[in-house]
Number of protein chains: 2
Amino acid sequence: MATIVDVAKRAGVAVTTVSRVMNNKGQVSEETRQRVLDAISELAYRPSPAARGLPRRRLHMVSVVVPFVTNPSAVARVQGVVHGLRSTDYPVSILDVERPEHQEEHFGLLGSGLRPEGAVIVSLHPSENQLASFRAAGTCPVFIDTDVADFSRVFVDDRHGGFLATQHLIQLGHRRIGFIGDKEDERFGFTSSRLRRRGYRDALQAAGLDAAAHFERTGEHGRDTSAELARELLALPEPPTAIFASSDTQAIGVLDVAKEAGLQVPRDLSVIGFDDIEVAGFLGLTTVRHPLYESGLIAADLVIEHIENPGCTPRSVEQDLEVIVRVTTGPPPAQSSN
Amino acid sequence: MATIVDVAKRAGVAVTTVSRVMNNKGQVSEETRQRVLDAISELAYRPSPAARGLPRRRLHMVSVVVPFVTNPSAVARVQGVVHGLRSTDYPVSILDVERPEHQEEHFGLLGSGLRPEGAVIVSLHPSENQLASFRAAGTCPVFIDTDVADFSRVFVDDRHGGFLATQHLIQLGHRRIGFIGDKEDERFGFTSSRLRRRGYRDALQAAGLDAAAHFERTGEHGRDTSAELARELLALPEPPTAIFASSDTQAIGVLDVAKEAGLQVPRDLSVIGFDDIEVAGFLGLTTVRHPLYESGLIAADLVIEHIENPGCTPRSVEQDLEVIVRVTTGPPPAQSSN
DNA sequence: ACGTTTCCTGAAAACGTTTCCCACGGCCAT
DNA sequence: ATGGCCGTGGGAAACGTTTTCAGGAAACGT
């Protein structure tokens with residue numbers, strides 16, 4: 001493999017000069033520049049990322065730290081980031097976290113030597129220590145779906161989303177509305193489900209309905225657990241006529257149960273989800289559209305912005321939420337209105 | 001940030017020794033080792049990947065180069081790789097290729113200084129030059145869905161898969177069977193659709209049916225293009241009673257057209273896809289199950305194996321294909337048998 | 001007692017860049 | 001003319017590891 005000194009020799013200049021043309025910095029005459037460029041292409045020279053990273057104290061790439069990369073909403077966001085960065089030459093490195101140790105480990109990297117030029121952190125809350133180490137290292141991550149002071153972020157108003165979803169159900173005439181969400185997460189501190197539930201309560205209250213705790217169920221995130229929870233709700237003496245699930249994955253679990261119980265949706269039971277992941281469209285699931293892919297795209301732009309002008313001036317961008325009405329919601333059964 | 005010399009000082013040893021305990025190589029007395037370990041944790045030392053990569057001439061990570069990372073089958077494979085590597089501490093870096101230049105660029109990295117410790121290449125054919133540069137650099141990529149001599153790969157028998165799909169249709173009684181696949185790809189040289197079509201022809205021939213070229217349509221990969229093609233097929237004077245689409249995405253396009261034309265599936269038209277991506281299950285699409293996620297898992301294992309014992313002894317693993325019968329295929333309409 | 005091996009440790013030379021600092025020539029302002 | 005600045009280029013010191021080589025001490029066989 002050709003190195004920078006090979007190029008320098010061939011072009012008859014010093015390595016400094018080659019470095020300068022590679023990075024477009026410093027002054028170099030058009031003639032010299034051309035000679036160097038020729039030498040580079042003749043030797044098919046490619047700078048070594050490791051060698052370049054050492055003095056610059058950061059690697060030419062952007063890392064995405066994302067919990068549970070297999071779940072559909074994570075996938076959509078990662079896709080957005082990858083696509084947003086496609087026009088640049090930054091490789092994207094995916095750091096999956098499924099256990100708290102992973103988080104520790106990956107954040108450690110961001111605050112230290114690996115220090116990628118840019119980073120996106122999805123749904124995770126670094127500790128104060130970790131944030132301090134980011135600042136110290138000059139890492140300037142963009143947060144998606146997290147509220148972190150002094151850093152850039154792209155987010156939605158989950159509480160308002162929960163409100164919208166519930167309001168939709170209320171407007172259809174429902175009075176007994178169940179909620180299925182994530183169990184309070186002590187490991188990672190995810191907040192979205194909690195906020196969505198708050199919005200749900202807001203909407204009930206605004207409509208003069210009391211938020212009966214026995215209509216709320218939480219559990220491990222997932223289709224099966226959600227089905228479990230839905231079964232409990234439907235076994236109630238006065239079961240809800242509609243269920244708001246705080247993610248589409250969970251809504252699908254509810255749909256599973258409806259089918260298994262012979263309930264027709266939406267005639268016997270209305271279901272609304274949250275996120276609008278790809279399968280929601282196929283299933284005709286009414287849901288709150290959450291621009292996941294776009295959030296990745298925006299995060300990518302912010303990352304580039306931070307890389308290009310350092311200093312970490314934080315920018316926040318909020319994305320809009322919108323109810324997408326499909327076929328899983330409708331008016332409640334007639335006799336239920338008593 | 002603490003460096004290796006800080007650790008060495010604190011432990012009262014030479015950097016060499018610290019390096020040795022970090023990498024578990026060379027002999028270090030238990031006592032010294034413990035002192036170093038203590039110093040490491042007291043200083044929260046983390047080696048810099050760039051610095052470590054420089055002398056070793058490779059970066060501690062594995063790269064996945066994958067075309068069109070947004071399409072569902074690519075996603076499933078990447079997930080498999082990420083998950084397969086989760087138990088190791090290798091970051092996974094995703095190199096998306098959407099244009100031939102990207103391929104050039106990413107393969108350039110693999111053969112040179114970035115040289116990740118491991119690599120998996122999906123569906124892409126490096127040129128002879130590029131392969132040579134891999135060998136020279138000692139990169140030992142694992143190929144998924146590509147036939148490359150002297151390298152490890154995980155693959156399926158696409159031709160047989162095409163055969164199975166078509167055979168399924170024939171066994172149901174279909175005689176006029178359409179095929180929708182990818183246009184011959186001159187940019188990346190993808191082969192799977194072509195092979196699946198060959199299997200389709202094999203099956204027709206084996207059943208004594210002639211493979212009528214006017215029942216075959218190819219176009220840009222995608223749901224919409226596929227719909228276009230399906231419309232052509234269905235507009236034929238004697239339209240096919242069943243269509244084999246060489247991917248689920250394309251099968252979904254066919255389903256779109258069936259709905260739009262008021263055709264009931266499978267009463268009026270049978271549709272079979274290929275891949276069994278996630279939405280196939282939701283749609284009840286009959287398809288050929290292609291273990292995409294598992295292919296990523298296996299590739300991850302192979303990569304680790306190659307990293308642990310260098311030398312690049314190639315291993316091939318073939319995955320089985322299987323028809324998953326759901327609700328989009330059935331016997332042909334009665335009058336069609338003439 | 002002496003060589004030989006084995007075990008542990010350290011010094012120092014890479015690895016391929018970037019960047020700080022300095023030198024040189026030409027030009028402008030004084 | 002003289003001094004300073006600007007545009008251009010080079011020398012050399014980082015950057016933080018790994019690795020090669022060698023050295024010293026302890027253990028072993030004779």
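We name chains A, B, ... by the order of the sequence lines, and we start the count at 1 in each one.
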4.5 Å side-chain heavy-atom contact, [X] and [Y]:
X: A:Asp96; Y: A:His102; result: no
X: A:Ile144; Y: A:Arg77; result: yes
X: B:Tyr45; Y: B:Asp6; result: no
X: A:Val154; Y: A:Gln319; result: yes
X: B:Val120; Y: B:Pro141; result: no

Option passing side-chain contact (heavy atoms from CB on, under 4.5 Å) with A:Ser63 (candidates A:Ile121, A:Leu110, A:Leu109, A:Val303):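 Answer after filtering A:Ile121, A:Leu110, A:Leu109, A:Val303: A:Leu110.
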- prompt: Heavy atom of residues 14-27 of chain A under 4.0 Å from DNA chain C: which residues?
  reply: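 Only A:Thr16, A:Ser19, A:Asn23, A:Lys25 qualify.
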- prompt: Near DNA chain C, under 4.0 Å by heavy atom, which residues of residues 29-44 of chain A?
  reply: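 Heavy-atom contacts with DNA chain C come from no residue of residues 29-44 of chain A; none.
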Audit row: B:Glu105, B:Arg99, side-chain contact (heavy atoms from CB on, under 4.5 Å) steps and yes/no: CA-CA 10 Å; B:Glu105 181 179 333; B:Arg99 288 196 304 276; over 6 Å; no
statement: Encoded 5' to 3' (Watson-Crick or G-U under 3.5 Å; [ ] crossing; | other strand), DNA chain D becomes ||||||||||||||||||||||||||||||
field: Pair B:Phe134 and B:Phe107, ring centroids less than 6.0 Å apart
entry: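 That pair passes the under 6.0 Å test.
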- request: Step through it carefully: locate the ring centre of B:Phe188, locate the ring centre of B:His125, and say whether they are under 6.0 Å apart.
  value: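 Centroid distance B:Phe188-B:His125: not below 6.0 Å, so no.
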Check the distance between [N]'s [atom2] and [X]'s [atom1] and give it to me in whole angstrom.
X: B:Leu54; N: C:dA13; atom1: CG; atom2: P; result: 17 Å
X: A:Arg56; N: C:dC20; atom1: CZ; atom2: P; result: 12 Å
X: A:Leu59; N: C:dT18; atom1: CG; atom2: P; result: 13 Å

- request: Return the minimal non-hydrogen interatomic distance between A:Ile4 and A:Ser19, and the atom names on each side.
  value: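 Answer, listing the atom of A:Ile4 first, then A:Ser19: CD1-N, 3.9 Å.
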- prompt: With A:Val75, which residues qualify under side-chain contact (heavy atoms from CB on, under 4.5 Å), at least two apart?
  reply: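 Only A:Gln79, B:Val75, B:Gln79 meet the side-chain contact (heavy atoms from CB on, under 4.5 Å) criterion with A:Val75.
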message: With a strict under 4.0 Å distance from non-hydrogen atoms of chain A, what nucleotide opens and what nucleotide closes the contacted stretch of DNA chain D, reading 5' to 3'?
response: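 Span of nucleotides near chain A: D:dG7 to D:dG16.
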- request: Give me the one residue out of A:Arg315, A:His306, A:Glu305 that meets side chain to side chain donor-acceptor pair (under 3.5 Å) with A:Ser152.
  value: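 Passing option: A:His306.
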Side chain to side chain donor-acceptor pair (under 3.5 Å) contacts in which one or both residues fall within residues 132-146 of chain B, not counting sequence neighbours: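 Pairs touching residues 132-146 of chain B that pass the test: B:Ser123-B:Asp145.
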